[in-house]
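Report on the structure given below.
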Amino acid sequence: MKSTEPHIFVIFGASGDLTRRKLIPAVFELYKSGYLPDDFALLGVSRSKLSDEQFRHQVLESNEHIESGAETDRQKAAFAERLFYEAIDTKEVADYQRVVSRLSELEQRFGTAGNIIFYLSTPPFLYDVIPARLAEVGLHRQENGWRRLVIEKPFGADLASARNLNASLKRNFDESQIYRIDHYLGKETVQNLLVTRFANGIFEPLWNRNYVHHVQVTSAEPFGVGGRGGYYDTSGALRDMLQNHLMQVVAHVAMEPPVDASADAIRAEKSKLFRSLRHLDPSDFRTDAIRGQYTSSMVRGEKVNGYRDEEGVPDDSKTETYAALKFYIENWRWSGVPFYVRTGKRLPTRVAEIVVTFKRPPQALFRDAHGMFDENNQLIMRIQPDEGLLLSFGMKVPGEGFNVTKVGMDFHYKDLCEDDVPAAYERLLLDAMKGDPTLYAHGDSVEYCWEFVDPIVDAWKNDPDLPVYGYPAGTWGPEAADDMISPEAMTWRNPCRNLTADLTYCEL
């Protein structure tokens, strides 16, 4: 089924790793699945000197991220006829005239009606340069067809740069034309958070300060920075993961019900949520904003480097590979409910999930093997892997008396369909092609998140008294992060790779 209008998809930075690893495979999957229109072409633009044939070979025919097979190879050959390439210096406005000419040629050949998507798969310093150059040659105008601009993260390195970038983009493009991509929002399980909340009457009445004790969001990775140490050391876990991906997840969990399922309504409620974040005071930075670095350790019998031993990382680096925050949302629904968000590298397993912990009944009546049963009910919403939901609660052990044990009731997302869960980039690119910005970040939301995170970034950078805690690679982070929850007689839920395995065993 053809569900998108004719258009040309232009990738700036087309000779780069992201294009080969994610973008071309995603567009090719959309082509195979019948989502692309018949009137479609893709133009790669970059500095590398490549012919159309060399570009096709590099990103499609010899791409190890695209499976081979008789039928797939036939589809590759047909898709390759829609791939083209233009080499330019992206800083030189004169070179953009070649892009104008090539687009005009492709429009006439494929009948794309003047519709163009510009995708910036480039270093961030070009995010304001390329749109300005496009405007100088008139490629931002929508008199004949629509124009859309897709921008990769990071969207700014702090509040000031995010504001400057927003202002720069809006000088030539309307907000409705700008799509700030966050691949986390493309995950089916992140989108399902809204359905879980707002399509089920059993959850929404309990989704507030009267019944929820606290909320945890965890995103863990078992690997280190590898060969990206030089880049990562300029960013860190707080800016790389928490400020964008995980705060968007928090918004899905905590936002108010939108008036409808439209992009404008959903994004408006997320913006309201971000405006309700209580900013941490400087006095909170030592207890409610914990940072750490992984240190050398033996992991599954293999010695792994500490962060400061990684290639490109300074010996005295204070860049965090682990970040954990405790904060509050100051609105009617969530007043007084703590939110705990953490992310880190070299943790025991790859997993991302949300845990909603409900308050205990006012009186403990029954016993378990350790005394009075006082476990909190928890709803675990797994983003990846083993996507699904797990509800833990108490049940009577068969036999005499009222002995209680914790049990789990689970649902696995894969049970909904025979196919694999669609990849994030496929969904996000398709939405951009359809003109649906629901899963893309609004400019205001980006700035609100930076307003919340910026003081923490500044304190970690400028206050030498704020510690960087070491944690052995393969563990769940610094002990100081455990103390963040301990005063409330709670702990982090340290998840397993398998959603339901926490009731029997788990990684360290």
* To do: Identify whether the distance between the nearest side-chain nitrogen and carboxylate oxygen of K76 and E61 falls below 4.0 Å.
  => no

* Residues in ring-ring contact (aromatic ring centres under 6.0 Å, His included) contact with F12, at least two apart in sequence or another chain -> none

* To do: Could you list all the side chain to side chain donor-acceptor pair (under 3.5 Å) pairs where at least one residue sits in residues 121-133, not counting sequence neighbours?
  => R133-E136

* Residues two or more places apart in sequence or in another chain: which of them pass salt bridge (Lys or Arg N to Asp or Glu O under 4.0 Å) with D454? -> none

* Report the residues that fulfil salt bridge (Lys or Arg N to Asp or Glu O under 4.0 Å) with R197, sequence neighbours left out, ordered by chain and then residue number. => E204

* Does any N or O in the side chain of T319 come within less than 3.5 Å of the main-chain N or O of D233, such that one atom is a donor and the other an acceptor? -> yes

* Taking only residues two or more places apart in sequence, or in another chain, which ones meet K272 in a salt bridge (Lys or Arg N to Asp or Glu O under 4.0 Å)? -> E269

* Which pairs pass salt bridge (charged side-chain N to carboxylate O under 4.0 Å, His left out) with one or both residues in residues 158-167, sequence neighbours excluded? -> R163-E447, R163-E451

* Describe, in one word, how the ring planes of Y31 and F28 are oriented to each other, choosing from parallel (under 30°), tilted (30 to 60°) and perpendicular (over 60°). => parallel

* Asked: Residues in side chain to side chain contact (heavy atoms under 4.5 Å, CB included) with D260, at least two apart?
  -> S262, A265

* **Listed partners of W492 passing ring-ring contact (aromatic ring centres under 6.0 Å, His included), at least two apart** => Y340

* To do: For Q384 and R350, run side-chain hydrogen bond (donor to acceptor under 3.5 Å, both in side chains): C-alpha distance rounded to whole Å, both residues' side-chain angles, the deciding distance at 0.1 Å, then the answer.
  => CA-CA 8 Å; Q384 66 181 19; R350 175 178 175 268; 3.2 Å; yes

* To do: Only pairs at least two apart or in different chains count here, so list each salt bridge (charged side-chain N to carboxylate O under 4.0 Å, His left out) that has a residue in residues 7-30.
  => D17-R21, R20-E64, E29-K32

* Kindly write out the residues that satisfy ring-ring contact (aromatic ring centres under 6.0 Å, His included) with F274, not counting sequence neighbours, or none if the list is empty. => none

* Asked: Parallel, tilted or perpendicular: which fits the ring planes of Y184 and H245, with parallel below 30° and perpendicular above 60°?
  -> parallel

* Who are the side chain to side chain contact (heavy atoms under 4.5 Å, CB included) partners of N115, not counting sequence neighbours? -> E5, H7, A113, W146

* **Set of salt bridge (Lys or Arg N to Asp or Glu O under 4.0 Å) partners for E143, sequence neighbours left out** => none

